[in-house]
J.: 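Please see the structure below; I have some questions.
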Amino acid sequence: MCGIAGILNKESNSQISMVSDMVRKLDHRGPDNFDVLNHGNSILGFTRLSILDLSSNGSQPMKAQNGRYAIVFNGEIYNFVELKEELSEFYSFKSKTDTEVLLQGFIHWGKDVLSKLNGMFAFCVVDNLTNSAFLARDRFGQKPLFYYRQNNSIVFSSEIKSFSSFKKFKPNKQTWAKYLQHGIYEDDDNTFFDGIMQLNPGHYATFDGLNFKATEYYDIRSKIKKQKINVDDAVEGLREIVKSSIDIHTRADVPYTIGLSGGVDSSAILSALMMNESLNFDVNCFTVDFEDDLNESVWADRAANYFNLNTNIVEMSLDRMFLDLSDNIYSRESPIGGLMNMAQSLNFQKIHKSGYKLVLDGAGVDEVFCGYKSFHDKYLRDLYFSGSSDFEKCLSEYSNFWGIDKIHVKKNILQTSEKIRTEIDGSFSSNSDIIKKEYRYYYDHESSTLQDMQIDYIKRFKLRRGLRMKDRASMQNSVELRVPFIDHNLVEYGLQLDESYYFLHGRTKSIFREIFKGNMDEDVRTSSKRSINAPQTKWLKKKSSLDFISKIINSQSFKDRNFFDIDSVDIAFDRFKRFDVDNSFFVWQWLNFEMWNRIFVD
């Protein structure tokens with residue numbers, strides 16, 4: 001895990017200092033080592049967080065023994081042991097790193113190495129014989145890779161802030177409009193910065209000094225072939241894949257810890273470790289709490305107590321919300337998803353101070369196995385309109401699981417639009433009337449089937465955005481985050497199952513829950529997802545918060561952005577103050593918009 005940066009097709013050797021400056025701005029991603037390499041017509045920079053082969057043999061940029069190729073690589077190749085064995089027939093390895101395996105794999109297989117990799121990665125290989133470069137990003141976007149064109153050069157980095165010394169930032173108004181109206185971002189190759197792009201997940205790019213071309217190498221739809229297997233076989237098959245994923249995700253030369261929320265997903269990591277007989281009972285678990293307003297630690301303690309483990313509680317306070325706001329926006333380089341995202345940063349800070357470099361996280365289960373209530377709504381809606389004889393039974397199970405009267409459930413699913421809406425803090429948001437007409441962004445996207453919706457959540461919406469947030473929050477604190485439940489083998493298997501298996505007994509992601517029966521606290525295993533996981537609305541309605549918000553929206557800079565209809569903003573804010581509302585996302589958007597502009601543009 002690290003930070004990478006570079007200039008492809010450099011203009012002069014004097015740009016070495018430029019790359020050095022870029023990498024210095026990434027030292028939080030890798031404080032253990034720093035280096036810059038002038039290689040052919042390119043300059044590569046690297047800052048290291050040592051996880052595998054802690055010796056200097058793991059340092060980057062790394063050159064091939066023939067001197068022709070050089071690589072900078074951010075991430076981990078979890079199956080590097082198996083690939084190394086395969087390549088050993090052709091090459092004598094000098095280190096115990098996955099970097100050397102990746103470099104030699106590329107030299108041997110070319111771009112086809114991508115289909116062999118199981119990991120999270122963003123890397124660049126430069127060939128000084130052909131003066132060409134190859135860049136690639138992992139299947140689901142765990143590791144970031146940003147770039148922009150400067151004359152005939154390509155400048156790239158793990159984070160946009162590293163461009164700040166030599167590029168004046170401007171907002172990408174279309175991206176901001178889409179976010180402010182629909183809550184959507186991270187769904188294409190644009191960023192919030194005008195002229196700065198990101199290489200999409202599952203893509204590679206080639207650059208020959210003139211042409212930069214991005215190509216998709218991984219399309220999840222092409223990997224899905226629906227399986228007709230019974231529930232017991234599906235559970236057993238899934239269990240084996242989960243165990244295998246956990247096994248390779250714990251390959252490291254440093255100890256790991258667990259980010260534990262008290263939900264089934266993070267608890268599943270502990271269960272899988274126990275099933276593999278590899279659970280270290282000295283392992284530490286870390287969780288966040290919100291003082292007396294939302295006590296997540298009760299669930300986290302319950303999950304940990306089942307395994308006789310201790311939890312470290314990190315408390316997020318109202319004062320910290322505003323104290324840390326600017327730092328969080330700076331580290332994310334984008335709007336913060338919500339209060340929980342800020343709390344995660346605090347949690348990673350505690351993990352770092354406790355001496356850990358590596359944490360396992362349970363992200364991805366909800367998107368793959370239909371854990372969100374919106375999936376359950378879609379499933380029930382489809383049953384109703386298809387005239388399925390299972391509808392009444394599934395309606396009763398849904399009502400019991402979510403604690404909602406059947407009449408209200410029926411009314412809700414009949415009214416729910418199938419168009420993608422981004423759920424924030426348990427509710428949805430759209431603010432077209434607050435944005436000035438010239439910036440309004442029309443967005444119309446439908447998920448016709450449940451599987452379409454799963455893929456949209458994985459490729460374009462919730463998972464992709466969440467992975468970005470988690471990468472920044474962890475790496476801001478020099479901590480590597482590993483996400484075993486989005487191993488591509490597990491994701492592909494999960495999406496091939498009969499959709500009824502996601503909702504057995506009326507529970508969401510039920511097929512995933514089944515594999516941990518008897519290996520997890522039963523209440524944790526069967527509990528419904530808590531849709532509001534942070535007291536964001538409650539805290540934003542406190543007097544100190546309202547005063548802060550008022551100063552922001554009444555500031556001259558906010559008005560001079562000329563993006564909002566200020567009268568509409570005033571009306572919306574007045575209603576927010578006076579009435580009992582369950583959604584604060586539009587207020588959160590105003591704060592993020594103005595603070596981002598103050599940090600990066602002004």
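The shown structure was predicted, so the numbers you read here are calculated from the model rather than taken from an experiment. Only this structure's heavy atoms are used, side chains among them; waters, hydrogens and symmetry mates stay out.
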J.: Side chains of Q198 and T191: any donor to acceptor distance under 3.5 Å?
T.: no
J.: Can you tell me which residue pairs pass the salt bridge (charged side-chain N to carboxylate O under 4.0 Å, His left out) test with a partner in residues 271-281, sequence neighbours excluded?
T.: none
J.: Of all heavy-atom pairs between T287 and S261, which one has the smallest distance, and what is that distance?
T.: OG1-CA, 3.9 Å
J.: For the residue pair K410 and Y398, confirm or rule out a side-chain donor-acceptor distance under 3.5 Å.
T.: no
J.: Using the ring of each side chain (for Trp, its six-membered ring), is Y179 parallel, tilted or perpendicular to F192, with breaks at 30° and 60°?
T.: perpendicular
J.: Any side-chain heavy-atom pair from I246 and L273 closer than 4.5 angstrom?
T.: yes
J.: In the structure I gave you, are the side-chain heavy atoms of Y91 and E100 within less than 4.5 Å of one another anywhere?
T.: yes
J.: Cut-off 3.5 Å, no hydrogens considered: what does the side-chain donor-acceptor table look like for residues 386-395, sequence neighbours left out?
T.:
from, atom 1, to, atom 2, distance (Å)
S386, OG, D382, O, 3.0
S386, OG, L383, O, 3.0
S388, OG, D390, N, 3.1

J.: Is it true that D366 and K462 have a side-chain N and a carboxylate O under 4.0 angstrom from each other?
T.: no
J.: Do W402 and T508 have side-chain heavy atoms sitting under 4.5 Å apart?
T.: yes
J.: Under 30°, 30 to 60°, or over 60°: which ring-plane class applies to F512 and F516, parallel, tilted or perpendicular?
T.: perpendicular
J.: Heavy atoms, side chains only, cut-off 4.5 Å: are Y502 and Q454 in contact?
T.: yes
J.: Please examine the side chains of I486 and L467, heavy atoms only from C-beta on, and report whether any two atoms are closer than 4.5 Å.
T.: yes
J.: Do the non-hydrogen side-chain atoms of F156 and I4 ever get within less than 4.5 Å of each other?
T.: yes
J.: So, do L481 and Q344 sit near enough that their side-chain heavy atoms are less than 4.5 Å apart?
T.: no
J.: Looking only at the side chains, is there a donor atom on one of N230 and D232 sitting less than 3.5 Å from an acceptor on the other?
T.: no
J.: So which atom in D487 and which in S245 form the shortest heavy-atom distance, rounded to 0.1 Å?
T.: CB-OG, 3.3 Å
J.: Among all residues two or more places apart in sequence or in another chain, which pass the salt bridge (Lys or Arg N to Asp or Glu O under 4.0 Å) test with E216?
T.: K459
J.: In plain terms, say whether D247 and K243 are close enough for a salt bridge, that is, a side-chain N and a carboxylate O under 4.0 Å apart.
T.: no
J.: Of all residues at least two apart in sequence or in a different chain, which pass the side-chain contact (heavy atoms from CB on, under 4.5 Å) check with R139?
T.: Y217, Y218, H488
J.: Holding to salt bridge (Lys or Arg N to Asp or Glu O under 4.0 Å), I want the full list of residues that pass it with R464, two or more places apart in sequence or in another chain.
T.: E186
J.: Would you please classify the geometry between the F503 ring and the H376 ring as parallel, tilted or perpendicular, with 30° and 60° separating the classes?
T.: parallel
J.: Might you point out which heavy atoms bring N79 and K116 nearest each other, and give the distance in Å?
T.: ND2-O, 2.8 Å
J.: Quick one: closest heavy-atom pair of V483 and H249, and the distance?
T.: O-NE2, 3.7 Å
J.: Less than 3.5 Å apart, any donor N or O on the side chain of T257 or N284 sitting next to an acceptor on the other?
T.: no
J.: Check this for me: K226, atom NZ, are more than 12 non-hydrogen atoms of other residues, nucleotides or ligands nearer than 6.0 Å?
T.: yes
J.: If I compare all heavy atoms of D452 with all of R221, which pair ends up nearest, and what's the gap?
T.: OD1-NH1, 3.0 Å
J.: Mind checking side-chain contact (heavy atoms from CB on, under 4.5 Å) for V81 and listing every partner two or more places apart, or none if nothing turns up?
T.: R251
J.: Please tell me if the side chains of E480 and M120 come closer than 4.5 Å, counting only heavy atoms from C-beta onward.
T.: yes
